[in-house]
Engineer: 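Sharing a structure with you now.
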Amino acid sequence: MKPYLRAVLAIAWKDMGVWARRPSTIVATVLPAVGFMIIILISAQAVGRNPVALVVLDRGPQATRLAHSLETSNSFRVRTETPERARQLLHDLDVAAVITIPAGFDETYSAHRSDPVTIEINNLNLDFTNDLRRSLPAAITDFYAGQNDSPVLVQVHEHDLRSQDVSLVQFDLIPHLALLLTVAGVVNCGLATAREFEDLTIKELTLAPIARSALVGGKLLAGWTTTMSLAAIVLVGGAAAGLLRPAGWYWLPALVVVALFGLAAAGLGALLGASIRRFQPVIAIGINLSLYLFFLSGGISVAAFLPDWVQTVARFTPTYYGVHALQQTIFYQSTDQLGLDLLVLGGTAAFTVAAGALALRRSIAA
Amino acid sequence: MSEPAIELVEMTKRFRNFTAVDRLSLTVQRGEVFGLLGPNGSGKTTTVNVISGLSRPTSGTVRVLGRDMLTEPRSVRRLLGTIPQETALYEELSAEANLRFHGDLFDVPRSRLSSRIDELLRLVQLEDRRRDRVSTYSGGMKRRLALARALLHDPELLYLDEPTLGVDVQSRRAIWDHVLDLRTRGKTVLITTNYLEEASALGDRLAIIDRGRLVALDSPQELKSRYGDTVLDLVLELAPSPALLVRLRSIDGVTAVNTADGTLKVNLTGDPEATGRVVTAVTGEAKLLRINQHEPDLDEVFLQLTGRELRD
Ligand SMILES: Nc1ncnc2c1ncn2[C@@H]1O[C@H](COP(=O)(O)OP(=O)(O)OP(=O)(O)O)[C@@H](O)[C@H]1O
Ligand SMILES: [Mg+2]
C-alpha cells in the first residue's frame, strides 16, 4: 500500500477507535435528534400544527363521529365554532381553514353519496394549502376506514392518497435525520480534531513524515464514516418501520444527499475543531450551530410556515436544501429542484472541507 | 556522514514580542548524547520543536542530519524519534494500538511491524499490559511506552524531552539504561531535562540555557570544575573568632566563608592548594574536631549560572 493511503487509513481507523471508546460523545451526538423526535411525537398527539375551525351543522351519529375523528387528528388543531365565528377567524387568519360538516351529512352518508364535507381554505400560502390538502383527506380517510358498511368509499380514498399521504411524524423524520447528520458530523469531526490539540496528541501526527493532506483526509474520512454509520441506522430502521421508503431509484439521490450532508458536516466539524481546539466549546458550539440549521431547515415547524424573514434566511441555509431534497425523493418520488439541492449541498461540502483543511493546516503550523 | 547531527546557528524563536530562544548556536555530533539543561521556561521544548521542524525559527539556520529543517522537514522526520514532553499517547487506545498507529504513520514495513512491536514492548517491559488502555497506565509506564514508540521506526537521532518527568526511580533507571544502550549502538540522542543528576549521568556534553540563552556548554566534569565550588565543612570546638573569619576570607582560592550551626563553611575554587592553606590557618587558632570536603555539585553550578529566583 502507498504510504500516503496507509497514513490516511491509519488516521481514520485510529479516530474511529477513539470515537468508539468514548460512549459519552456518541450519546452527545445522538441525543439532540432523539430528543427533538420525542418532543415531536408527544406534541403531535397534543397540538396539531394547523389551526382549523370546525363547523358541525348535523347532530347525527355519523357527523359526530367524523367531528370526533377530526378533533383527534394528529394533523391539525381543531376548534369547533359557529359558522359566523369560523368565517371571522378565517378572515383574520386565525385559522387556516374552515371545515363544515353540513346539515344533511348523516343522510347523504347513508345514501352513499359523494363526500359532502366542505372545506374553505385560506389560500394565502400555497405550501400551507398543500399541507392541508394532504392532511385533511387523511383524517377523513381515517373516518371512513373505521366504517365496515361502505367498503367502496374506503378503497377509493386510500387509493387516491397513498402516494402522497405522509404522516406528520414521518415528514418530521427528515429534518431530524438532517439534525442527526449535522450534529454527528460536526461533533464527531470537531471533537476528533479538537481532542488532538487538547490531549496534546497532535505532535504524534505532526512529527510523522506524512503529508498534511493525509492528516486532513484521514480525519474527514473518520468523521464522515462515523456520521454515515449513524445515518445508516436511521435509514435502515426507518425503512424497516415503513417510515422511510423511497421507491425505486429514488434511493440513489437520497443516499447521495445523505453522503454530501455528512461530508459538509464533517468539514464544518474540522473547521470548528481546528479553530477552537478545545473539547467543551466544540461540543457546545457544534450542537448549537446544528440546532439553528435544524430550525431553519424546518425542524419542529415546516419552514414554509415561518415568518418571511426567517424563510429568507432559510434560503441561505444549506440544510434547508438537504431536507427539501430528502423529502422530495423519499416521500414524493420527485426530483423537483433536485439539481439545485445537490448543487447547494455539494458546494457546501466542498467549501467546509476546504475551510476545515485550511484551519487544520494553520493550527498545526502555529 | 561526518556532518554533525544537529547544527543550530544563531537560532532565535520569538512568540509575538517574547523571545523564547535567543540566538542559540550549538552543534551536536553524531553518536553523542547531548543534554540540554535549563530551568522551567528556559526554551528547551521550544528548541526541540524547532529542530523537529514543528515550528519555524524566527531567524537563524537549523540543520539536522545534514538537511535544512526549513526546506525539507519531511525527509528528516523519518529519521527522527521523539518523546515529546507531553508524551502524545492516545489514552483511549492500547499500547499495541498506539505502536501500530505509529508504525503506519512511519510506514514501517507491514511484514516486520508485529515483530518489531513485540520486541519493543518486551524492551520496555510492557508486554503483559499491551492490550490495556494507556489511560490505565502509570506515569512511568507511559514514558516507557513513549520511548518504545520513538524507537519503533529505528531512528538515527532521538529527541527526548524530559523523558523521566514524573516517573519513579525504577522507571527512571530503566529509561537511562535504554539511553546509554542507544549510545553504544551509535545513535545520537538529544535529551532535555531539569534534573542535573540525569544530565550528568547521561550526557557527554551539556548545554545550560537560561531565558533562551546559552550560558554554558561543556562536559559535566568540566562544568563542575569550572563553575562549581568545593565546599569545606569544618567543625570546631569553639565558635570561630571574627578575626579568623577575616583571615580565612583573605586566603587565595577562598570565595566565601560562612558559619552555620557551629560549622564553618568555606567555599573554594578549583585551586588544589587552597584546602591545605585553609586547614593550616584554622588549626593555628582553634581546635579542629572534624573536616568534610564536598566536591562541586551540578546543582550548585546550575544555580550559580541561572540564579535562584523561581521561573515560569
Ligand atoms: N506557543 C507559544 N506562544 C507563546 N509563548 C510560548 C509558546 N511556547 C512557549 N512559549 C514560552 O516560551 C518560553 C519557553 O518555553 P519552553 O516550553 O520552551 O520552556 P521549557 O524550557 O521547555 O520549560 P519546561 O522545563 O517547563 O518544559 C516560556 O516562557 C513559554 O511560556
Ligand atoms: Mg519543556
Engineer: Compare every heavy atom of Ala88(B) with every heavy atom of Lys203(A), then report the nearest pair and how far apart it is.
Structural biologist: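 So the two residues come closest at CB-CB, 4.3 Å.
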
Engineer: Please tell me if the side chains of Tyr90(B) and Glu196(A) come closer than 4.5 Å, counting only heavy atoms from C-beta onward.
Structural biologist: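 In contact.
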
Engineer: When rounded to the nearest 0.5 angstrom, what distance separates NE2 in His102(B) from CG in Leu205(A)?
Structural biologist: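 Answer rounded to 0.5 Å: 11.0 Å.
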
Engineer: With only heavy atoms counted, which part of Leu79(B) is less than 4.5 Å from chain A, the side chain, the backbone, both or neither?
Structural biologist: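 Neither part.
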
Engineer: How close do Val108(B) and Arg6(A) get, counting heavy atoms only, and between which atoms?
Structural biologist: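 The pair with the smallest heavy-atom distance is O-NH1, 2.8 Å.
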
Engineer: Would Leu105(B) and Ile11(A) count as a side-chain contact (heavy atoms from CB on, under 4.5 Å) here? Give the steps.
Structural biologist: CA-CA 8 Å; Leu105(B) 291 184; Ile11(A) 291 167; 4.0 Å; yes

Engineer: Side chain, backbone, both or neither: which part of Arg56(B) has a heavy atom under 4.5 Å from chain A?
Structural biologist: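 Arg56(B) has no heavy atom closer than 4.5 Å to chain A.
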
Engineer: Between His153(B), Arg149(B), Glu91(B), which shows the greatest number of heavy-atom pairs under 4.5 Å with chain A?
Structural biologist: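 Ranked by contacts with chain A, first place is Arg149(B).
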
Engineer: Less than 4.5 Å apart, any side-chain heavy atom of Leu207(A) and any of Pro84(B)?
Structural biologist: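 The answer is yes, as the side chains (C-beta and beyond) meet within the 4.5 Å cut-off.
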
Engineer: Given that the side chain runs from C-beta out, which part of Ala211(A) has a heavy atom under 4.5 Å from chain B: side chain, backbone, both or neither?
Structural biologist: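 For Ala211(A), the contact with chain B is made by backbone and side chain together.
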
Engineer: At a 4.5 Å cut-off on heavy atoms, which part of Ile202(A) comes close to chain B: side chain, backbone, both, or neither?
Structural biologist: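 Contact with chain B: none, neither part.
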
Engineer: Can you establish whether the number of heavy atoms outside Trp13(A) located under 6.0 Å from its atom CH2 is more than 12?
Structural biologist: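 Atom CH2 in Trp13(A) is not packed in, count stays at 12 or less.
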
Engineer: Has Arg112(B) got more than 12 heavy atoms of other residues, nucleotides or ligands less than 6.0 Å from its CZ?
Structural biologist: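 Not more than 12 within 6.0 Å, no.
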
Engineer: Using the rule given for side-chain contact (heavy atoms from CB on, under 4.5 Å), can you reason through Arg21(A) versus Leu93(B), listing the C-alpha separation, both sets of side-chain angles and the distance that settles it, and then say yes or no?
Structural biologist: CA-CA 8 Å; Arg21(A) 285 173 183 76; Leu93(B) 304 181; 3.9 Å; yes

Engineer: Find the distance between OG1 (Thr201(A)) and CD (Glu92(B)) and round it off to the nearest 0.5 Å.
Structural biologist: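 Atom-to-atom, Thr201(A):OG1 and Glu92(B):CD are 8.5 Å apart.
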
Engineer: In Å and rounded to the nearest 0.5 Å, what is the CG to NZ distance from Asp104(B) to Lys14(A)?
Structural biologist: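 That separation rounds to 12.0 Å.
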
Engineer: Taking atom OH of Tyr4(A) as the centre, does the number of heavy atoms from other residues, nucleotides or ligands within less than 6.0 Å exceed 12?
Structural biologist: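 Result for OH/Tyr4(A): enclosed.
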
Engineer: Count the heavy atoms of every other residue, nucleotide or ligand shown that sit under 6.0 Å from CZ of Phe351(A), and state whether that count exceeds 12.
Structural biologist: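 It does not: Phe351(A) CZ has 12 such atoms or fewer within range.
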
Engineer: Please report the shortest heavy-atom distance between Leu54(B) and Thr206(A), naming the atom on each side.
Structural biologist: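 Closest heavy-atom pair between Leu54(B) and Thr206(A): CD2-OG1, 3.3 Å.
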
Engineer: Does Arg185(B) CZ have over 12 foreign heavy atoms under 6.0 Å away?
Structural biologist: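 More than 12 heavy atoms, drawn from other residues, nucleotides or ligands, come within 6.0 Å of this atom.
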
